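Okay, structure first, notes after.
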Amino acid sequence: MAAVVLVHGLYHRPEHFAELAERLRTAGMEVVVPELHRGSLSADTAAVQAAIEVLPEPPIVLGHSYGGSVITGVRGAGHLVYLAAFVPDVGESAAGLGGASPQLRDAIVPEPDGSTSLHPGRAIDTLFGDGPEPLAARAVGLLRTQAPGCGRGVPERHSWKDTPSTYVVCARDRAIDPGLQRRMASRCTDVREWQTGHSPFVGRPDLIVELVLELLATRNPPRRNEAGTTPR
C-alpha cells in the first residue's frame, strides 16, 4: 500500500488534514499525520522521521508552510511535496527566508508566556479566505497556540538535494508571498502553480489527491533494504 505523510504548519493541527486524509485513504493509501508542536524544529523533524521509519516503503511526504522546513530535514522519503512551504538551504530558516507576510504578521497575537496565537477574524481571511465559509470557520477553530522559536529553526540536513521534489505555488496566498514561493520552488525538481490561497487542503483537497495519485503513477518507489535504509 502506498503511503503519504502529511506535515502541518505552525498554529495548525493534524485535524486540519482530516478531509484530505480521508480522501487519500479512500483512494487506497496509508496516511500518517504526525502531531508537531514538539518545541523546536529538530524535535518536530524527529517526530516526522519516526513516522517515516515505521512505513514499509518510502512515502510521499507533504509539508505545508512551516512543514516544509520540517520535511527538509528528514531521510527516507520517496518524494517530497512542498505545499506553499519553506525550502531552506544551508544555514536558512523559515523566518530568514521571509517568513510571514505583513497580513499574517498582523494576525499574530503575542501571549504573556512568549507564545503566540492568531486572531480568528484575521486568520480566516489570511489562511482560509478562498475556502467555503463553514470549512474555513472550522479550520480557524482548530488553530492552536504556537510556542516560540520554531520558525527560526535551521534544518540539519537538506533532503530536497537528493530526493525528488514537487513545489506547489499557491498563487493567491496571503500568508506566504507567492513571489517568495516561486523563488524557493526553483530548488525543487518540479513546480506546479495553483490559483488557490494558502490552504488548499481546506477548500480544494481534490487538487492534492490528484497530485499524489499522479506522483504515485509516475514513480517506482525504491524498497528499503534489510538494514531499513533506502538505497540511493
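Note that the structure is predicted; figures quoted are calculated from it, not measured.
- Atoms CZ and CG, from R122 and L104 in turn, are 11.5 Å apart once rounded to the nearest 0.5 Å.
- Atom CZ of R144 sits in a crowded spot, with more than 12 heavy atoms from other residues, nucleotides or ligands closer than 6.0 Å.
- Under the 3.5 Å distance criterion, the side-chain polar atoms of R187 are matched with a main-chain donor or acceptor of V87.
- Linking Ile, Leu, Val, Met, Phe, Trp and Tyr residues whenever their side-chain heavy atoms come within less than 4.5 Å places L10 and L97 in a single cluster.
- Between V5 and I71, the closest side-chain pair of non-hydrogen atoms is not below 4.5 Å.
- For the pair A171 and P178, the tightest heavy-atom approach, listed with the atom from each and the gap, is O-CG, 3.5 Å.
- Heavy atoms only, all atoms of each residue included: R105 and G98 are closest at NH1-O, 4.4 Å.
- Checked options T166, V7, V168, L6; the residue passing with L83 is V168 (criterion: side chain to side chain contact (heavy atoms under 4.5 Å, CB included)).
- In this structure a side-chain-to-backbone donor-acceptor pair under 3.5 Å is present from E92 to D89.
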Working note: S69 + L41, criterion side chain to side chain contact (heavy atoms under 4.5 Å, CB included); need CA distance, chi angles, decisive distance, verdict.
CA-CA 8 Å; S69 293; L41 174 61; 4.0 Å; yes
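- Taking 4.0 Å as the cut-off between side-chain N and carboxylate O, R23 and E210 do not count as a salt-bridged pair.
- With R25 contributing its side chain and V31 its backbone, the two residues share a donor-acceptor pair below 3.5 Å.
- A donor-acceptor pair is defined here as one N or O able to donate and one able to accept, closer than 3.5 Å; such a pair exists between the side chain of Q181 and the backbone of I176.
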Working note: H198 + T126, criterion side chain to side chain donor-acceptor pair (under 3.5 Å); need CA distance, chi angles, decisive distance, verdict.
CA-CA 8 Å; H198 187 62; T126 305; over 6 Å; no
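- Side chain of S115 to main chain of E111: no donor-acceptor pair is present (N/O by atom type, distance under 3.5 Å, no hydrogens or angles).
- Between L211 and V81, some side-chain heavy-atom pair lies under the 4.5 Å cut-off.
- When all heavy atoms are compared, the tightest approach of A43 to R38 is CB-CB, 3.5 Å.
- Salt bridge annotation for E53-R75: absent, with no cationic side-chain nitrogen under 4.0 angstrom from a carboxylate oxygen.
- The CG atom of L80 lies 4.5 Å from the OG atom of S159; values are rounded to the nearest 0.5 Å.
- Below 30°, between 30° and 60°, or above 60°: for H12 and H16 the angle between ring planes is between 30° and 60°, a tilted geometry.
- For D44 (side chain) and V70 (main-chain N/O), no donor-acceptor pair under 3.5 Å exists by modelled atom type.
- The hydrophobic clustering, which links ILVMFWY residues whose side-chain heavy atoms are closer than 4.5 Å, places L180 and Y66 together.
- Here the side chain of H79 pairs no donor or acceptor atom with the backbone of L215 at under 3.5 angstrom.
- Looking at P59 and I52, their side chains come closer than 4.5 Å, going by heavy atoms from C-beta outward.
- Both L20 and L213 belong to a single network of hydrophobic side chains, linked directly or stepwise wherever heavy atoms of I, L, V, M, F, W or Y lie under 4.5 Å apart.
- For the pair V61 and A77, the tightest heavy-atom approach, listed with the atom from each and the gap, is CG2-CB, 3.6 Å.
- Using a 4.0 Å cut-off between a side-chain N of Lys or Arg and a carboxylate O of Asp or Glu, D130 and R174 do not qualify as a salt bridge.
- If you take CD on E19 and CG on D206, they are separated by 10.0 Å, rounding to the nearest 0.5 Å.
- In this structure, F201 has its ring center closer than 6.0 angstrom to the ring center of H64.
- A pairwise comparison of heavy atoms in A185 and V169 identifies CB-CG2, 4.2 Å as the closest pair.
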Would you check, one step at a time, whether the test side chain to side chain contact (heavy atoms under 4.5 Å, CB included) holds for V32 with V54?
CA-CA 10 Å; V32 182; V54 299; over 6 Å; no
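- Counting heavy atoms from C-beta on, the side chains of W194 and I208 come closer than 4.5 Å.
- Looking at R157, its side chain never comes within 3.5 Å of a backbone N or O of G73 through a donor-acceptor pair.
- With rounding to the nearest 0.5 Å, the separation of CG in L118 from CG in D106 is 11.0 Å.
- Here the closest non-hydrogen pair linking G197 and C170 is O-CB, 3.2 Å.
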What do the steps show when you test L143 against L127 for side chain to side chain contact (heavy atoms under 4.5 Å, CB included), and what is the final call?
CA-CA 11 Å; L143 293 172; L127 300 177; 4.2 Å; yes
Apply side chain to side chain contact (heavy atoms under 4.5 Å, CB included) to S117 and Q146, showing your working.
CA-CA 6 Å; S117 59; Q146 179 65 49; over 6 Å; no
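- In this structure, the side chains of K161 and V90 come closer than 4.5 Å at one or more pairs of heavy atoms.
- One distance of note links OG of S199 with CG of L135; it measures 12.0 Å at 0.5 Å rounding.
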Side chain to side chain donor-acceptor pair (under 3.5 Å) between Y11 and T145, intermediate numbers included
CA-CA 6 Å; Y11 304 102; T145 300; over 6 Å; no
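- In terms of hydrophobic clustering, with Ile, Leu, Val, Met, Phe, Trp and Tyr side chains grouped at heavy-atom distances under 4.5 Å, V212 and V191 are assigned to a common cluster.
- One hydrophobic cluster holds both V209 and Y167 under the rule that ILVMFWY side chains link at heavy-atom gaps under 4.5 Å.
- T196 has its side chain out of reach of R172: every pair of non-hydrogen atoms, C-beta onward, lies at least 4.5 Å apart.
- Not a single donor-acceptor pair under 3.5 Å links the side chain of H158 to the backbone N or O of W160.
- For the pair T189 (side chain) and S165 (backbone), a donor-acceptor distance under 3.5 Å is present.
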Quick one: do R182 and D177 satisfy salt bridge (charged side-chain N to carboxylate O under 4.0 Å, His left out)? Show the steps, please.
CA-CA 9 Å; R182 294 183 186 105; D177 179 66; over 6 Å; no
